[in-house]
Amino acid sequence: MARSNQKKQSQQKQPQQKQSQQKQTQQKQPQQKQPRQKKQKAPKAQPALMLKNRQPDAPVARTRLRPRPKKAAAAETKEEKQKLKVICLGGLGEIGKNMTVLEYGNDIIVIDCGIAFPDDDMFGVDLVIPDISYLEANKAKIRGILLTHGHEDHIGAIPYVLRSINPPIYGTRLTLGIVEKKLSEHALPNVPDLRCVEAGDTVSLGVFSAEFIRVNHSIADACCLAIKTPIGYVVHSGDFKLDLTPIDGRMMDITRLGEIGQKGVTLLLCESTNAERLGFTPSEKKVGQSLVSIFDKNPDKRIVIATFSSNVHRVQQIIDTSARHGRKVAVTGRSMLNILGAAIDLGYMDLPAGVLIDINEIKKYKPEQLTLITTGSQGEPMSALSRMASAEHDKVTLGQSDLVVISANPIPGNEKLVGKVINSLLARGVSVLYDAVADVHVSGHACQEELKLMHALTKPKFFIPVHGEHRHLYQHKQLAESMGMDSQNILISDIGKVIEVGRSSMKFAGAVQSGRVLIDGFGIGDVGNIVLRDRKHLAEDGLIVVVVTVDLSQRLLIGGPDIVSRGFVYVREAEGLMEEMRKVALASIEGSLDRGLSDRTEIKTKLKDDIARFISRETKRKPMILPILMSL
């Protein structure tokens, strides 16, 4: 047994010795250079789902993650830093003058381009438009102006804006039809580029793409905008309401708004005009029902209806009701004629045959056979209704056989003007119906429940209330908060402020030049604060002109002083005051000449101050004093 164990051990040692000898031999031999082999790319890591099909014993491919190249990381950081700029040049803290700018990198789009009516202290001013200095400085970036609808507070400034910039203008057929009529009255340096779209169309504008979505409003062809931007969707509501029984049968496209909301809306800009009103805005058909009742109850009167010229659906209802009651219809007012013509040409109105007559033909018919549709629902001093109320209309004279229906609500700031017209009509024995005493108007703007619907459909991450005075904007902010939106995600802005919006942040970032530009006749911006101040001074206190002729070289008074008064006192009833004023002027001029003054400005200043002190002491008034010094 011992011999057999020794034999086994010797057999096990022999192979081990051979292996050690082979290793030593290999170490003694010189190493040969191996040819360089190309590195094989590591196999791509398989998705986790592919592991389900792996054989139990199969090896799992492992891949080392490569660091991202620095250039790509830098590009990504740059993209994250770039924000969408939102700048409102109008429509905040005011009613009208709506204009919103979206800017990203080298691309700008403008939403709406409207006017506002002048305030009471803007003497002689016809219109107010936004200051577009920022757009003029960046006009190479502007890809287009998008119009939500054809009301003046959204399109009225276009003829003035196109004098300095000329980007493409996108709008629906009726909107552009009204714009075309307006542009035909202005001489522009370039041919306007008007591009017609329909609800449902999408236009590409640089990095932006804007989809027009149908909404209901007090004018046909109104749209809101869903704008695809690099930071996500931005929805601009325009002016809207939810009308379940619209006159044209086309309801607001809430389905599409819901689809956009499901995709994710980064920012909502929503109108706030009726944010203080509870409930829903009534349907336009409610006015039609009231009109039928008014016509039925007043068969022996001529009916004069004043409404917004752009509300073609209401004008259609007035014409249809008149036709059913056997009346002819005449239209007066330039804007009413222009918009009615555009609506008929484009097929937005269907007139019964033989109903519409020229205003010059009304004398051929009895009063009870006529309906007149007129402008002037806002009490504008030069409108057709205002001229009728003051007996200055050349075609229409109102009296006890007439009924005037004002089918509109006064725009904030116009209440006094509308009240003045109503009082003038009543004083002439004319019967008057208006919104406070009859259901003759419904708003075209969303009340609180419709605003909630817009928020619920779009589900925005951030929100900026627009189109309204500050009280409207703050009420809309509270409404959004009541629906669960974080107050940190809501900003109430001011005209000219820049808001930077990213996918996860929104903040103020400076301001641009902004404000208001006053239109007086053909003049644009030549009426500023100084001119307004002078006009206000003239309106409140009147004017005194002092004319003097002197020989400065000889220091002699040649003629005068002559005193002219306008708006200060009636000269014939204040001859004593005027004579005393002339004596003060004479003493002032002689004193200046005796002292050897030869500077015209210095002499005029002393003359003005002396007369101002006298008038203030005698009358406690401060008229504008204009000294005129003529020298030989």
Side-chain angles (χ1 to χ4, degrees), residues 115-128 152 294 298 300-311 314-315 318 328-340 357-368 370-438 440-441 519-521 535-536 538-540 542 566-567 570:
I115 62 165
F117 293 110
D119 297 333
D120 293 338
D121 59 351
M122 296 180 182
F123 299 95
V125 174
D126 299 322
L127 303 170
V128 184
E152 287 293 308
I294 290 169
N298 297 276
D300 58 340
K301 289 184 179 291
R302 179 172 61 177
I303 299 178
V304 181
I305 302 178
T307 188
F308 289 109
S309 57
S310 57
N311 196 338
R314 190 165 302 173
V315 174
I318 295 169
K328 300 293 184 181
V329 178
V331 178
T332 181
R334 186 168 59 90
S335 62
M336 184 70 74
L337 290 167
N338 287 342
I339 293 178
L340 194 63
I357 63 171
D358 190 88
I359 190 69
N360 295 312
E361 300 178 9
I362 60 175
K363 292 183 178 179
K364 298 179 182 179
Y365 300 90
K366 296 179 181 179
E368 61 270 17
L370 290 172
T371 299
L372 304 184
I373 304 176
T374 180
T375 57
S377 62
Q378 295 303 303
E380 303 95 319
M382 296 305 296
S383 66
L385 183 61
S386 292
R387 286 184 283 120
M388 292 179 199
S390 57
E392 296 177 358
H393 198 284
D394 60 341
K395 306 294 183 184
V396 181
T397 303
L398 299 180
Q400 295 182 355
S401 62
D402 294 304
L403 168 65
V404 172
V405 179
I406 301 179
S407 183
N409 247 356
I411 294 172
N414 290 351
E415 294 88 353
K416 288 184 179 180
L417 291 174
V418 175
K420 182 180 178 181
V421 170
I422 293 173
N423 290 331
S424 297
L425 291 169
L426 292 172
R428 299 181 64 81
V430 180
S431 301
V432 184
L433 294 177
Y434 48 97
D435 192 44
V437 298
V440 293
H441 176 69
I519 307 297
D520 184 1
R535 290 181 178 182
K536 183 179 181 181
L538 288 169
E540 293 177 348
R566 291 291 182 269
Y570 185 49

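Below, all heavy atoms of this structure are taken into account, side chains as well, without hydrogens, waters or symmetry copies.
The shortest non-hydrogen separation linking H441 to R314 is ND1-NH1, 2.7 Å. Smallest separation of non-hydrogen atoms from T374 and A384: OG1-CB, 3.1 Å. A pairwise comparison of heavy atoms in N409 and Q378 identifies O-NE2, 3.0 Å as the closest pair. Here the closest heavy-atom approach between residue A330 and residue I359 is recorded as CB-CD1, 4.0 Å. In terms of heavy-atom proximity, G379 sits nearest to L417 at O-CB, 3.6 Å. Nearest heavy atoms, T397 versus R302: O-NH2, 2.9 Å.
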- Message: Applying side chain to side chain contact (heavy atoms under 4.5 Å, CB included) to Y434 and V418, what does each step give before you reach the verdict?
- Response: CA-CA 10 Å; Y434 48 97; V418 175; over 6 Å; no

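Side chains of I294 and L403 form a contact here, defined as non-hydrogen atoms less than 4.5 Å apart. Here the side chains of I339 and V315 are not in contact, with every heavy-atom distance at 4.5 Å or above. Between I357 and L370 the shortest side-chain heavy-atom distance falls below 4.5 Å. When side chains are defined from C-beta on, V329 counts as touching I373, because their heavy atoms get closer than 4.5 Å.
Rounding to the nearest 0.5 Å places CG of L425 at 8.5 Å from OG of S386. How far OG of S390 is from CG of L398: 10.0 Å, rounded to the nearest 0.5 Å. Atom CD1 of I318 sits about 10.0 Å away from atom CD1 of I303, to the nearest 0.5 Å. To the nearest 0.5 angstrom, E380 atom CD is 7.0 Å from T375 atom OG1. D394 CG to R387 CZ: the interatomic distance, rounded to the nearest 0.5 Å, is 7.0 Å. Atoms CG and OG, from N414 and S377 in turn, are 9.0 Å apart once rounded to the nearest 0.5 Å.
The closest donor-acceptor contact from the side chain of S424 to the backbone of K420 lies under 3.5 Å. A donor-acceptor pair is defined here as one N or O able to donate and one able to accept, closer than 3.5 Å; such a pair exists between the side chain of T307 and the backbone of S407. Proximity of a side-chain donor or acceptor of K301 to a complementary backbone N or O of V404 within less than 3.5 Å is not detected.
H393 and T332 share a donor-acceptor pair across their side chains, judged by distance under 3.5 Å alone.
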